[in-house]
Amino acid sequence: MAAPTRPEFTELVARFGRELYVFLWRMLSNEQDAEDCLQEAFLRAYRAYPRMQGEVNFRAWLYRIAGNTARTQLKRRLRRDGREIDLPDEESAASHRSGQADDGLELWDRLAAVRTAVRGLPFKQQQSLILRKYQGLSYAEIGAALDCSPESARANVYQALRRLRSELAVERQG
């Protein structure tokens with residue numbers, strides 16, 4: 001039985017580039033930061049690629065690298081900007097809202113609340129939730145990407161959802 005052939009690195013970039021960009025954009029909520037992190041992630045992966053041996057889940061491996069670059073970027077952002085949340089200011093929100101019905105205003109506010117709540121999650125829970133609910137990774141893939149067991153990945157998603165439900169319910173009441 002022949003060993004599986006290893007894809008060319010350019011094939012990995014073509015296959016997973018867009019998917020990783022979307023993940024990074026969801027983690028960072030900033031197009032430029034997502035693009036910068038994607039380039040950094042692929043540069044790190046390219047440097048490590050020759051040392052890869054055996055059967056590798058390249059998708060999970062790339063998500064792990066991308067997640068690490070996102071974590072580094074978020075730390076830089078916190079040092080640079082403090083703990084402010086990158087939400088639209090009232091003026092840009094008002095211009096976005098103009099012409100929308102009250103239902104649209106409520107939806108806009110609700111989406112902002114959800115985004116803020118997700119950003120407030122511990123990093124591993126936030127990352128697990130995005131990988132599962134938005135990127136569609138299995139718990140085994142999330143575990144490989146986060147260097148934990150599939151059970152731990154499932155627990156992180158569960159805890160994230162539980163915290164979000166609780167926080168958003170409290171906000172709705174208040």
Side-chain angles (χ1 to χ4, degrees), residues 4 6-81 83-87 111-168:
R6 194 165 121 146
E8 293 294 322
F9 190 79
T10 54
E11 183 183 332
L12 293 176
V13 173
R15 187 179 337 160
F16 299 114
R18 178 75 182 144
E19 181 179 334
L20 289 170
Y21 170 79
V22 170
F23 165 68
L24 289 165
W25 178 81
R26 286 184 172 126
M27 291 295 300
L28 301 167
S29 299
N30 181 292
E31 289 180 29
Q32 188 60 51
D33 285 351
E35 289 174 11
D36 291 347
C37 283
L38 181 65
Q39 289 179 7
E40 177 66 24
F42 276 128
L43 180 61
R44 289 180 187 181
Y46 180 77
R47 289 178 181 152
Y49 191 69
R51 296 186 303 272
M52 301 298 293
Q53 296 178 357
E55 287 190 43
V56 176
N57 180 335
F58 289 106
R59 184 180 191 209
W61 176 67
L62 289 169
Y63 269 107
R64 179 183 301 173
I65 295 169
N68 288 339
T69 62
R71 176 182 287 126
T72 300
Q73 179 61 28
L74 287 169
K75 286 179 183 177
R76 272 190 222 127
R77 188 187 294 170
L78 283 174
R79 279 193 304 269
R80 185 184 66 222
D81 300 337
R83 287 197 130 332
E84 292 182 24
I85 296 172
D86 188 23
L87 292 175
L111 289 173
V114 169
R115 188 164 95 184
T116 300
V118 169
R119 287 177 140 192
L121 292 170
F123 188 77
K124 202 165 195 175
Q125 288 180 11
Q126 180 184 12
Q127 197 173 2
S128 297
L129 179 71
I130 290 172
L131 289 171
R132 179 68 180 167
K133 296 297 180 184
Y134 294 103
Q135 301 303 115
L137 271 67
S138 69
Y139 290 115
E141 289 174 310
I142 296 168
L146 301 182
D147 198 24
C148 64
S149 70
E151 293 78 16
S152 180
R154 182 184 306 270
N156 277 312
V157 172
Y158 173 79
Q159 290 299 324
L161 289 171
R162 197 173 112 211
R163 284 181 74 154
L164 288 176
R165 284 185 195 110
S166 174
E167 187 170 324
L168 292 171

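In this chain, numbering begins with 1 at the start of the sequence shown.
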Chemist: Compare every heavy atom of Arg47 with every heavy atom of Arg51, then report the nearest pair and how far apart it is.
Modeler: NH1-O, 3.2 Å
Chemist: If you count every heavy atom of other residues, nucleotides or ligands that lies below 6.0 Å from Tyr46 atom OH, does the total exceed 12?
Modeler: no
Chemist: For Leu168 versus Ala117, what's the shortest heavy-atom pair and its separation?
Modeler: CD2-CB, 4.1 Å
Chemist: Are Tyr63 and Phe23 near enough that their ring centres are under 6.0 Å apart?
Modeler: yes
Chemist: Measure the spacing between CG of Leu121 and OG1 of Thr116 and express it to the nearest 0.5 Å.
Modeler: 11.0 Å
Chemist: Do you know which two heavy atoms are closest between Ile65 and Ala41, and how far apart they sit?
Modeler: CG2-O, 3.4 Å
Chemist: What pair of heavy atoms forms the shortest contact from Arg115 to Ser29, and how long is it?
Modeler: CD-OG, 4.0 Å
Chemist: For Arg15, look at atom CZ and say whether over 12 heavy atoms of other residues, nucleotides or ligands are found less than 6.0 Å away.
Modeler: yes
Chemist: Take atom CH2 in Trp61; do more than 12 heavy atoms of anything else shown fall under 6.0 Å from it?
Modeler: yes
Chemist: Once rounded to the nearest 0.5 Å, what's the spacing between atom OG1 of Thr69 and atom CZ of Arg44?
Modeler: 6.0 Å
Chemist: Between Ser128 (side chain only) and Lys124 (backbone N and O only), is there a donor and an acceptor less than 3.5 Å apart?
Modeler: yes
Chemist: Return the CG to CD distance between Leu161 and Gln125, rounded to the nearest 0.5 Å.
Modeler: 9.5 Å
Chemist: Is there a side-chain contact between Leu28 and Arg77 (heavy atoms, below 4.5 Å)?
Modeler: yes
Chemist: With side chains defined as the heavy atoms from C-beta onward, is the minimum distance between Leu164 and Leu129 less than 4.5 Å?
Modeler: yes
Chemist: In Å, rounded to the nearest 0.5 Å, how long is the span from CG of Leu24 to CD of Glu40?
Modeler: 11.0 Å
Chemist: If you measure from CG on Asp33 to CD on Glu31, what distance do you get to the nearest 0.5 Å?
Modeler: 10.5 Å
Chemist: Nearest 0.5 angstrom please: Phe123 CZ to Lys75 NZ, how far?
Modeler: 8.5 Å
Chemist: Strictly distance-based, threshold 3.5 Å: is any side-chain N or O of Gln135 a donor or acceptor partner for the main-chain N or O of Glu19?
Modeler: yes
Chemist: Please check this pair: side chain of Glu141 against backbone of Ser138, looking for a donor-acceptor N/O pair closer than 3.5 Å.
Modeler: yes
Chemist: Under the side chain to side chain contact (heavy atoms under 4.5 Å, CB included) criterion, do Arg26 and Val22 qualify, and how do the steps go?
Modeler: CA-CA 6 Å; Arg26 286 184 172 126; Val22 170; 3.1 Å; yes
Chemist: Could you tell me whether the side chain of Arg59 and the main chain of Phe16 form a donor-acceptor pair under 3.5 Å?
Modeler: no
Chemist: Please confirm whether Arg132 makes a cation-pi placement over Tyr139, using NZ or CZ under 6.0 Å from the six-membered ring centre and within 45° of the ring normal.
Modeler: yes
Chemist: Are Phe42 and Tyr49 packed together at the side-chain level, in the sense that at least one heavy-atom pair is separated by less than 4.5 angstrom?
Modeler: no
Chemist: Please report the closest heavy-atom contact between Ala144 and Ala60, naming both atoms and the distance.
Modeler: CB-CB, 3.5 Å
Chemist: Closest heavy-atom contact between Met27 and Gln127?
Modeler: SD-CA, 3.9 Å
